[in-house]
Number of protein chains: 2
Amino acid sequence: MTVTTVHQPTHREALWELEAAFDRGDLITVFGHCTVEYDGRAASSLGLGRRLLLLKPDGTALVHTDEQQQPVNWQPPGSEHHAAVRDGRLRVRSVRSSPDETLDVRFETVEQLSAMAVSGRRDLSVTGSEADLRNALLDQPDAIEAGFEPLATERPTDVGPIDLFGRDSEGRPVVVELKRRRVGPSAASQLQRYVEAIRREEGDDADVRGLLIAPSVTDRARRLLAEAGLEFAAVEPPSSDSDAGDADAADATDANDDSVAAAGDDASGPSAAEPANDE
Amino acid sequence: MTVTTVHQPTHREALWELEAAFDRGDLITVFGHCTVEYDGRAASSLGLGRRLLLLKPDGTALVHTDEQQQPVNWQPPGSEHHAAVRDGRLRVRSVRSSPDETLDVRFETVEQLSAMAVSGRRDLSVTGSEADLRNALLDQPDAIEAGFEPLATERPTDVGPIDLFGRDSEGRPVVVELKRRRVGPSAASQLQRYVEAIRREEGDDADVRGLLIAPSVTDRARRLLAEAGLEFAAVEPPSSDSDAGDADAADATDANDDSVAAAGDDASGPSAAEPANDE
DNA sequence: GCCTAGGTCCCGTAG
DNA sequence: CTACGGGGCCTAGGC
């Protein structure tokens, strides 16, 4: 049995289950009527309501409502969870130091408490990141511009590391800043900062180019680049069009063998089945 | 009853419960042995493992493991959840458009499925934000420097809005950039960008000051500021020291009325009880 | 919808 | 530990 659940437990029962789950290193969910107080880098307070508290064995605490991707309150990994019954309420407190922070969740009633044994990989490799873009451009330097010669990635300067550094066909140093998505003014400032650092290194009269590579650029950023004498080149990130096989398979059909739940999910076409390609 | 739970349901049973919970607008948790596939702005794949899937009625989907504050995979609010049984697995798919993105969670087995009716406030007012810092400085302009006169907040320029704009005791324009925490090179660049925009507005020979206000600054950022002729002033954010009453109370004692759960939680001292001050 | 910047950002990596 | 920048960042506020 990899999950333990109690419904509408007394606070003592809930406390006992929490203690056991802490010891087992389980992932814990607590749903109930609670208040939430946070004090640390900032401070906040949340009145009574039914919410879901998630407690992880690494010290993470998350309070979720029925809206938003982000938790309404939280405590980062490395915290310590404590539970106690006090003033007729079940209090779950997650604390960490450096910085000193406390999250307090006080339950008037606990509707459900579950403890689950998690397993399997929790790290995942994402394709389509800036690093992937960099590697693709290193394989095809001409995609940047004809004759571009890469010299270094993450080249250090005294204002931070340059994504990609090289020389153009005429031997001029080129500072390349890569972004996986549309860029705004901050990316232009970042590139300018790096270019000026290289100019200082090479001598103030050095002819150093700055090149921002991204799928697109906002108007303001384009103007900033122009004013600073920097260049822009549009390059799509190498995610969806490079490896579209699995995406197409996942996109093509729906709802065959059995019924379907949810609004507006019309079966498009019960065509040929794709081979299962996971696990 | 505000929570419905099934343990080790068949996929058909799980599907039925999901459908009902979607209709009720419940917050849903599904714990089980699953794979996770994502394709959209990037792409990722995660092999079999026991994980917790959180589905919100606003379209949010979160896949959590036993580590990290951030979900290992997710789908933002506005997505549509669909569920189906296929190839002997329960498939939960969250889809959105613009951008086109799909999250697929395929359960080999479902250990537990719960549906909860959430209620109560989900918005929370945080104290200690940059806006609080700004308001505190507007109340006490002399905390910035003697004779400083605030003129505008979020003053627009053609490179973005200035946090706080004013004039010093000698009538010179001052661009103030506020940060609630220690700042690095990017904040210095940001301030420089604004200052140059104001200089262009006022005429290139204008004497415009730039002032970065934050709790502290890194060495590189300090050097960047100096090179650009910009200033720095250390100001603590107005969070923990302003309203320390509740924090102290929450910090003082632990574990009185009943027992205590968790590792390393020695009861410090069962001293005087503080008054309950929430709800 | 896009743009701009904040965030208790979180997170990994390098020093 | 700090520092720096990426992120499928997310989220709020304007336009």
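A, B, ... follow the sequence lines: proteins, then strands. Residue 1 opens every chain.
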**Q.** Close residues, residues 59-74 of chain B, relative to DNA chain D [heavy-atom separation under 4.0 Å]
**A.** B:N73, B:W74
**Q.** Given D:dC10, C:dC10, D:dG6, the nucleotide with the shortest approach to the side chain of B:P76
**A.** D:dC10
Q. Salt-bridged, B:E67 to A:R122, with N to O below 4.0 Å?
A. yes
Q: Applying side chain to side chain contact (heavy atoms under 4.5 Å, CB included), name anything that partners B:A226, two or more places apart in sequence or on another chain.
A: none
Q) In terms of side-chain heavy atoms of B:S98, which of C:dT8, C:dG6, C:dG1 is nearest? A) C:dG1
Q.
Just to be sure I understand: a Watson-Crick pair is purine N1 to pyrimidine N3 plus N6-O4 or O6-N4, both under 3.5 Å. Using that and G-U wobbles, which stems of three or more pairs involve DNA chain D?
A. C:1-7 with D:9-15, C:9-15 with D:1-7
Q. From the list D:dG7, C:dT8, C:dC3, which nucleotide is the closest neighbour of the side chain of A:R182?
A. C:dC3
Q | Nucleic acid contacts - residues 208-219 of chain B versus DNA chain C, non-hydrogen atoms under 4.0 Å | A | none
Q) Does B:R41 put a side-chain nitrogen or oxygen below 4.0 Å from OP1 or OP2 of D:dC9? A) yes
Q. Taking only residues two or more places apart in sequence or in another chain, which ones pass side chain to side chain contact (heavy atoms under 4.5 Å, CB included) with A:V217?
A. A:V183, A:A221, A:R222, A:L225, A:F232
Q) OP1 or OP2 of C:dG6 sitting under 4.0 Å from any side-chain N/O of B:R181? A) no
Q. With distance as the sole test, does B:H81 use its side chain to make a donor-acceptor pair with the main-chain N or O of B:T60 at under 3.5 Å?
A. yes
Q: Test for a donor-acceptor pair under 3.5 Å between the base of C:dG6 and the side chain of B:E130, counting only N and O atoms.
A: no
**Q.** Per A:P185 side chain, nearest of listed nucleotides D:dG8, C:dC2, C:dT4
**A.** C:dT4
Q: Count the heavy atoms of every other residue, nucleotide or ligand shown that sit under 6.0 Å from CG of B:D123, and state whether that count exceeds 12.
A: yes
**Q.** For DNA chain C, the residues among residues 186-201 of chain A that have a non-hydrogen atom under 4.0 Å from it
**A.** none
Q: Tell me, yes or no, whether the heavy-atom count around B:D219 atom CG, taken from other residues, nucleotides or ligands under 6.0 Å, exceeds 12.
A: no
Q: Report yes if a donor N or O on one partner sits less than 3.5 Å from an acceptor N or O on the other, where the partners are the side chain of B:E154 and the base of D:dG13; otherwise report no.
A: no
Q: Select base, sugar-phosphate, or nothing to describe what A:P77 touches, counting heavy atoms under 4.0 Å on all strands.
A: sugar-phosphate
Q.
Give me the distance, rounded to whole Å, that separates D:dG8 from C:dT4 when you measure between the P atoms they each carry.
A. 22 Å
Q. Would A:K179 and A:Q190 count as having a side-chain donor-acceptor pair, cut-off 3.5 Å?
A. yes
